[in-house]
A.B. asks: 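Below is the structure I would like to discuss, written out as structure tokens.
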Amino acid sequence: VTQSPVDRITKLDSNAFTQMDDIECEICCNIYNSENRRPKNLPCGHIFCQACMAKEFAIGKSTCPTCRSPHNAQRVEDLPICILVERLIGRGKKTLNEGVKSCDSESDDEEDDYNEGPCSTHKKSVVYFYCNTHCVKICWECTVIDHQVNKCKIISFKDKLENRKDDNILKANSIVTAITETLSVFDEVVKEKDEIISNQELKIKELENSIELASKAIEDARRTITNEKIASEKVKHSISQGKIRKKDIESESHKLQNANTKKTITKYNNDIETATVNVSKWIKDVSTEFKLLNKVSEEPSNILKALKNGKVIFSETAVKGRKSFAKLTSMDEKLHLHTFNIMKPQEGATILQYEKVVSHLRTKPPTLLFLDLKYNGFNQGRIYIRIRPELHAFVKHIPDLFTAAVNGDSVLGEKGYMCRTDALVLKINKTVPDIASHKNESVIVKSGDVFCDLSGNSIQLLCTHIVKERKYKSNHAIIGGIESGMEVAKACHEKGYNNQNKILITDCGLVLDK
């Protein structure tokens, strides 16, 4: 509560106090005092003086004298004092009347301006407050009887209106910031267009001064200049509109800040709410029209920069003939491509082609695979597996092998690693063209090696060897090894093997080297 109803009560009509029965005990009709007739509060909400309640206890009664609701108090001292009533009595009728007379007429008019008319329960009292707990309009008598301040969250209508005013000022400031950012983007576009125009004009001069006049090139350059000038003017027009809208919002916000009456605050609240909705729509429309705000280059360093600036970016490719998407994130200054799935990205996300992103990488295709492991409900950590670069077929098909819920198949979720005596084993059962050409008649695997159990060109199992060196017979191929996170793999293997539980993969994907 911004201001206690008791602290604001002296601004109300003093006649309401003289007509109030609740400062008198309902049993003896004596006015409460701070000595032998202190107001005692029953759980049902009714209030009686200390002397009368002592008599009730003396004859063995343990119910409310008014509504007969039972209570657990054994003696009068067990009942709490109604502090609110005591404060009202302590002020006294004389102090209250003097407090009302001391307010100037302007203050009275202002307070009356924020009332909501007579109370539906207490007809002679005026509604000045709102109970947030029960969502009802109440008068000051309600705050004593049915909506006590120690049980309910109470706020005055003036404070409620002021809070709405503050919220709308914050909204207006936010919209001004959004317009400023949009105009900043447009300024960069104008600079880009001007640079294109300047370069094309220079190109024309070079061609005109050359021995052989390249008329077609000149015509193309002139056409480009014409188109870019039109586009530049269009953007400049949008900038002009944006500045006007920004100025209007700032003006409305200034008016709202200076408003101090119910009528003006209500008017400017409505005006600024309408204006902010319109400006938000305008920002969205121009951003969509010029396709600028989500524009990101496929070059990894630019993607990392965009991610740091809060962009949400996904990579798109076809997995088994279906359009699939993988989220891009940044970790340790490296670009991570998570599992592909067929779920469409959230609205407003930037979409980049996976093949174009890969074309900018040092390793094409990427060879560093990451897997996040979980055991018994607790995250264990991440392991990084480096795939042998000569296994082009395997690396090329990683988006297919490690994908989430495309055609209902996924290495994520309940599938997980099984723990054998010497390795973490993951069922794959997927075909990779030409993978059989890399199998050996016999293979010796060491701790940290990652190898496949093959059946023709189908990878049946993907195994991460944990313990000492071991020799396997035919139909196996080493595809890579753990580059980091070996301690995570060993700990997971020990826990899973001892308890015969799976090690779940909660996330996996590729690290895209710049």
Side-chain angles (χ1 to χ4, degrees), residues 329 331-339 361-363 365-376 378-403 410-412 415-428 430 432 435 438-440 442-454 459-472 475-499 501-514:
T329 62
M331 180 177 291
D332 298 328
E333 294 299 317
K334 291 183 178 180
L335 193 59
H336 286 59
L337 177 81
H338 296 257
T339 50
L361 303 181
R362 182 190 306 114
T363 305
T367 58
L368 188 60
L369 179 69
F370 70 88
L371 296 97
D372 291 337
L373 305 183
K374 186 176 185 178
Y375 174 76
N376 199 24
F378 294 94
N379 294 325
Q380 301 299 308
R382 173 172 291 185
I383 62 173
Y384 289 91
I385 298 174
R386 179 68 70 178
I387 309 300
R388 290 164 54 192
E390 64 269 22
L391 298 179
H392 300 294
F394 182 91
V395 176
K396 183 179 179 180
H397 284 81
I398 282 179
D400 183 17
L401 295 171
F402 294 89
T403 190
S410 173
V411 300
L412 305 180
K415 196 168 186 178
Y417 274 116
M418 297 178 295
C419 297
R420 292 187 178 175
T421 305
D422 52 6
L424 293 171
V425 180
L426 180 66
K427 288 184 178 181
I428 295 292
K430 290 188 179 182
V432 177
I435 191 66
H438 296 281
K439 71 178 181 180
N440 303 94
S442 63
V443 60
I444 298 176
V445 295
K446 301 176 183 178
S447 179
D449 283 346
V450 178
F451 63 99
C452 293
D453 185 349
L454 303 175
I459 298 177
Q460 300 296 305
L461 302 174
L462 184 66
C463 308
T464 303
H465 199 67
I466 299 298
V467 295
K468 61 183 180 179
E469 179 177 297
R470 178 179 175 180
K471 182 177 180 179
Y472 285 87
N475 298 325
H476 289 82
I478 296 177
I479 64 166
I482 294 180
E483 183 168 287
S484 66
M486 187 64 192
E487 66 281 0
V488 174
K490 286 182 177 180
C492 288
H493 176 262
E494 181 180 354
K495 293 175 183 177
Y497 183 76
N498 291 337
N499 297 285
N501 288 332
K502 286 184 178 181
I503 306 298
L504 302 183
I505 301 174
T506 58
D507 196 8
C508 61
L510 290 166
V511 179
L512 307 183
D513 296 323
K514 294 183 285 183

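No hydrogens, no waters, no symmetry mates; every other heavy atom, side chains included, goes into these values. As the structure is a computational prediction, the values presented were derived from the model and not from experiment.
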A.B. asks: In Å and rounded to the nearest 0.5 Å, what is the CG to OG1 distance from Leu510 to Thr339?
C.D. replies: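 Between atom CG of Leu510 and atom OG1 of Thr339 there are 10.5 Å.
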A.B. asks: Under the salt bridge (charged side-chain N to carboxylate O under 4.0 Å, His left out) rule, what pairs show up with a residue in residues 442-452, not counting sequence neighbours?
C.D. replies: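 Salt bridge (charged side-chain N to carboxylate O under 4.0 Å, His left out) check on residues 442-452 returns no pairs.
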A.B. asks: Between His338 and Phe370 (judged by ring centroids, cut-off 6.0 Å), do the two rings come close enough to count as a pair?
C.D. replies: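 Yes, the ring of His338 comes within the 6.0 Å limit of the ring of Phe370, centre to centre.
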A.B. asks: Considering non-hydrogen atoms only, spot the tightest contact between Gly448 and Met486 and give its length.
C.D. replies: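 Heavy atoms of Gly448 and Met486 come nearest at N-CE, 3.6 Å.
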A.B. asks: Would you say the side-chain atoms of His493 pair up with the backbone N or O of Arg420, donor to acceptor, closer than 3.5 Å?
C.D. replies: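 Indeed, once roles are kept as given, a pair shorter than 3.5 Å links the two residues.
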A.B. asks: Go through the steps for Asn376 and Lys495 under the test side chain to side chain contact (heavy atoms under 4.5 Å, CB included), then give the verdict.
C.D. replies: CA-CA 9 Å; Asn376 199 24; Lys495 293 175 183 177; over 6 Å; no
A.B. asks: Are the side chains of Ile385 and Ile479 in contact, using a 4.5 Å heavy-atom criterion?
C.D. replies: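 Contact flag for Ile479/Ile385 side chains = no.
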A.B. asks: To the nearest 0.5 Å, what is the distance between CD1 (Ile505) and CG (Leu371)?
C.D. replies: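 Taking CD1 in Ile505 and CG in Leu371, the distance rounds to 5.0 Å.
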A.B. asks: Starting at CG of Asp372, measure out to CZ of Arg382 and round the result to the nearest 0.5 Å.
C.D. replies: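 Asp372 CG to Arg382 CZ: 4.0 Å, rounded to 0.5 Å.
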A.B. asks: Determine whether Leu454 and Ile459 make a side-chain contact, defined as any pair of heavy atoms from C-beta on separated by less than 4.5 Å.
C.D. replies: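 Side chain of Leu454 against side chain of Ile459, heavy atoms only: contact under 4.5 Å found.
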A.B. asks: Lys502 and Tyr375: which non-hydrogen atoms are nearest, and at how many Å?
C.D. replies: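 In terms of heavy atoms, the two residues are closest at O-CD1, 3.9 Å.
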A.B. asks: Should Thr464 and Tyr417 count as side-chain neighbours, where that means a heavy-atom distance under 4.5 Å?
C.D. replies: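 Thr464 vs Tyr417: side chains touch.
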A.B. asks: State the OG1-CG distance between Thr506 and Leu373, to the nearest 0.5 angstrom.
C.D. replies: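 It comes to 7.5 Å.
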A.B. asks: Please report the interatomic distance CD(Glu487) to SG(Cys492), rounded to the nearest 0.5 Å.
C.D. replies: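 Separation between the atoms: 10.0 Å.
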A.B. asks: Roughly how far, to the nearest 0.5 Å, is SG of Cys463 from CZ of Phe451?
C.D. replies: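 Here the rounded value is 4.0 Å.
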A.B. asks: Do the non-hydrogen side-chain atoms of His336 and Leu512 ever get within less than 4.5 Å of each other?
C.D. replies: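 Side-chain contact under 4.5 Å: no.
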A.B. asks: Under the side chain to side chain contact (heavy atoms under 4.5 Å, CB included) rule, what do Arg470 and Asp422 come out as? Steps first, then yes or no, please.
C.D. replies: CA-CA 9 Å; Arg470 178 179 175 180; Asp422 52 6; 2.6 Å; yes
A.B. asks: Hey, mind stepping through Leu461 and Lys427 against side chain to side chain contact (heavy atoms under 4.5 Å, CB included) and telling me if it holds?
C.D. replies: CA-CA 5 Å; Leu461 302 174; Lys427 288 184 178 181; 3.7 Å; yes
A.B. asks: Evaluate the criterion side chain to side chain contact (heavy atoms under 4.5 Å, CB included) for residue pair Leu424 and Cys419; output intermediate values, then yes/no.
C.D. replies: CA-CA 5 Å; Leu424 293 171; Cys419 297; 3.7 Å; yes
